[in-house]
Amino acid sequence: MGKSKTTKFKRPQFNAVGLPVNAVQEAGEEAEDPVEDDCPAAELLEKLQSPSADVREFACASISRVVQQSLSIPGLLQRDAVRRLGPMLLDRSLAVRETAAGALRNLSACGGQEVCEDMVKHDVMTPLTALLRESCAGFESAAVLKEKKNAAEDVANEAVNLLWNLCESSSQSLSVFNKAGLLDMVVQCLETHQHNMELAISAAHCLHTVTEDNPELLRSTNSAVLRVVESVLLTPETDMAHTLLRTLAAGTLWNLKSSLPPTRQTQALNAVVSTLSRSLDLDAGTLIPELRGAEELHQRDTDAAAESEQQAAGGEEEEAMVEEEEPKHTKNGIAADNDFSDLLPRQQAELREATALLTAQQTSLEIIVNMCCSDDPSDDEWEEESSGDESDLGPDGLCDGVSNLMSPLCLSAEIHDALINHNIPEKVLKKTEIPRKEAMDVCRQNSSWKGMIIKMQRVQSRALTCLHSLVSSMDADSLGGAAALQAAAQHLSTLVFGAAEIPKDEEFLEAVISAMRSLLQMIASKNITQCMTPQQLMSLSEAATRCDVVSVRVNAVAILGITGSTLAKEKGTAETLQMIGSALLQVSTKDTDLVVNGEALDALFDVFADGDEAETAAKNIALLPALKALQPIFKAKIRKEGRGKYSPQQLCVLDNIKVNLRRFIGYLEKVVKK
């Protein structure tokens, strides 16, 4: 597997007035006329030109709500929403700047890569760069005035989040980032961690993104940047927000490793791994129920205090209500109660802590995967579920019986030792366990916490992918020897086969099956007893053939091959080999993807390469005539589909499969004549 890029959580979608997006969509489902749907958007864009700051702010906040309904985005783009919102980033009102940045931030988050690239084409980076410069300059003036709430930092937080989204989705925006010298400004935002964690974490996310695979930026990185990142790593606070902040700083330092002097690289590596290790030490299964319980207690205390206050007011209650209707302070002439700048409603502190915890652990696991991988860039494997690239099949994989997914990864002695010294393999394996029932239950019971369930499951999937990378890049002794490998394989089997039926979630299935394949390959190479029964093998194969993710089908086929080639050396296994052979023949002829066909054929070559049991099984399933019938079909399929659908590297592999198929048929013919 190639180097896996780290990605952020998909931002929860909220609208400006605090209703969940789906509630807004349900309310709007009755309006079927698209022309009527477009009218509010057109009106809002017109209101951006209003002389009233209140109206401009309201329009920006309302647009941020509208864009969360994906069907509205094309209409907004056609009406030049980006060009019309861009100048609002430099509006004379700070409140308008903040809500405009929030609207563009939501547009970039909800619109995806294509919309982000369109935003960059419409030159959103120019006003955004100017906004960041002015906002960062405002930090110092606010510090001089000793303001408790720094409006410039609020604006900067929205701007940094928008910058993060754009740089993650658009190479052009990353180029602008490099040339405009925005690194220093994002680092300045990171330095606010002592008093503004929200802005610091946004900046840390952005830094982690822009420093990855960005050699141009690395050349301009100075010692001041490194000092700030290292200072974040040394923060002593133990709350979850600081845990996330340190984790992101560790990822950034790892990305910047080549800009460090050689004498400091070992020290930096240990600091990075130590930070990731501490993040993984935290037990989300225990902490999340505790945080939820703390939130309930906090809510009860708040309700009790409010009730007590109401009773104490007595006859003055009516007067107090009148006073509450009056704005207590204004912001650029707007009452605080009408402030639309916070586009994402502030969560309870405990829920924010839970989110930070799980984000930190997911990010830690992703960084470890990158540490285990070579420096060759590849596609973003965390998110892409289709497998047409060379990461699924290497140039020598099928010919040698092991695809590129199983080829040893590049792991230096320093990285290897750091990971082992901090017990990273053991901690990663622990995170592959099913999320604790107590944590899942408390999250199910409250709608605000239900999103934590997906996050816990994603941490498990990342841990499984991380386990695959560790197994693929370390030797058996480093992973604890034969007993530890068998225990790990048994654990993975439980994850897959412990429930009434094999899980259907594609993200989990892709992760667990890749980990299982790498582990079984290592077990087979060390002649350690396998732990999967023939029935489990067949059920896994059947589940995989129904999965749309190509890599899942490839790995399932490889597992059949690994297990079958091991069984072929044992006595009394002909019947099981027949089942495996029949399943592989089915995949090699019926699967719609040539890569999967090739992997199935390669697995057949391994399983039936030698031995009396294999010869008996091959005869019983009529393997020779089946392969003879398949040979011209496979050749024609490569010729017809190959060049338009598969990469040159994959075509090279498939050509080798074609040659090996001819040779294997010749081998079987000699066996029959014996």
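Nothing fancy with the numbering, it's 1 onward along the sequence. Values in this document were obtained by computation on a predicted structure and should not be read as measured data.
- When atom types are taken as modelled, the side chain of Thr99 and the backbone of Ala95 share a donor-acceptor pair closer than 3.5 angstrom.
- Shown here for Leu282 and Lys431, the closest heavy-atom pair between the two residues is O-NZ, 2.7 Å.
- Here the straight-line distance linking atom CZ of Arg246 with atom CG of Leu276 works out to 11.5 Å at 0.5 Å rounding.
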Lys121 vs Glu117, test: salt bridge (charged side-chain N to carboxylate O under 4.0 Å, His left out). Steps then yes/no. CA-CA 6 Å; Lys121 286 178 185 175; Glu117 290 176 348; 5.8 Å; no
Show your working on side-chain contact (heavy atoms from CB on, under 4.5 Å) between Thr221 and Leu183 and close with a plain yes or no. CA-CA 8 Å; Thr221 302; Leu183 176 63; 4.2 Å; yes
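- Between Leu131 atom CG and Met185 atom CE the span is 10.5 Å, to the nearest 0.5 Å.
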Walk me through it: do Leu182 and Met125 pass the test side-chain contact (heavy atoms from CB on, under 4.5 Å)? CA-CA 11 Å; Leu182 291 175; Met125 289 295 291; 4.2 Å; yes
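- The pair Arg352-Glu295 does not count as a salt bridge, with every side-chain nitrogen at least 4.0 angstrom from each carboxylate oxygen.
- Heavy atoms only, all atoms of each residue included: Val442 and Ala439 are closest at CG2-O, 3.2 Å.
- The CG atom of Asp505 sits 9.5 Å away from the CD atom of Gln460 when rounded to the nearest 0.5 Å.
- Residues Gln457 and Phe508 have side chains not in contact (no heavy-atom distance under 4.5 Å, counting atoms from C-beta outward).
- A heavy-atom distance below 4.5 Å is not found between the side chains of His208 and Thr247.
- A donor atom on one side chain and an acceptor atom on the other are found under 3.5 Å apart for Arg278 and Ser274.
- Side-chain contact check for Leu260 versus Leu226: some heavy-atom pair is nearer than 4.5 Å.
- Side-chain contact between Thr238 and Thr243 is absent, with no heavy-atom pair separated by less than 4.5 Å.
- Judged by distance alone, the side chain of Thr235 and the main-chain N or O of Glu237 form no donor-acceptor pair under 3.5 Å.
- Put simply, CG on Leu77 and CZ on Arg83 are 12.0 Å apart, with the number rounded to the nearest 0.5 Å.
- The structure places OG1 of Thr355 at 3.0 Å from CE of Met452, a figure rounded to the nearest 0.5 Å.
- The neighbour count for His195 NE2, taken as heavy atoms of other residues, nucleotides or ligands under 6.0 Å away, is above 12.
- Within a 6.0 Å sphere centred on CD of Gln267, heavy atoms belonging to other residues, nucleotides or ligands number 12 at most.
- The backbone N or O of Lys257 sits less than 3.5 Å from a side-chain atom of Gln265, completing a donor-acceptor pair.
- At distances below 3.5 Å, not a single donor-acceptor pair connects side-chain atoms of Thr363 with backbone N or O atoms of Ala360.
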Derivation of the side-chain contact (heavy atoms from CB on, under 4.5 Å) call for Ser108 and Val115: CA-CA 6 Å; Ser108 65; Val115 170; 5.9 Å; no
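- Across every non-hydrogen atom of Val272 and Trp254, the tightest pair is CG2-N, 4.2 Å.
- Across Val186, Thr209, Leu166, a single residue satisfies side chain to side chain contact (heavy atoms under 4.5 Å, CB included) together with Phe177, and that is Val186.
- Note: Cys167 SG to Leu207 CG = 10.5 Å, rounded to the nearest 0.5 Å.
- Open room surrounds CD on Glu114; 12 or fewer heavy atoms of other groups in view lie less than 6.0 Å from it.
- No hydrogens or angles considered: a donor-acceptor pair under 3.5 Å links the side chains of Asn178 and Asn214.
- For the pair Val232/Glu191, no side-chain contact is recorded, criterion being any heavy-atom separation below 4.5 Å from C-beta on.
- With contacts defined as side-chain heavy-atom distances shorter than 4.5 Å, the pair Leu48/Val96 does not qualify.
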Show your reasoning for whether side-chain contact (heavy atoms from CB on, under 4.5 Å) applies to Lys455 and Gln362. CA-CA 8 Å; Lys455 290 176 172 60; Gln362 176 183 330; over 6 Å; no
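- In terms of heavy-atom proximity, His193 sits nearest to His242 at O-NE2, 4.4 Å.
- In terms of heavy atoms, Leu218 sits closest to Ser259 at O-CB, 4.0 Å.
- Heavy atoms only, all atoms of each residue included: Ser64 and Gln68 are closest at O-NE2, 2.8 Å.
- Looking at Arg84 and Glu46, their side chains come closer than 4.5 Å, going by heavy atoms from C-beta outward.
- Within the 4.5 Å cutoff, no side-chain heavy atoms of Arg97 are placed close to those of Glu158.
- In this structure, Arg462 pairs ionically with Glu507, as a charged nitrogen and a carboxylate oxygen lie closer than 4.0 Å.
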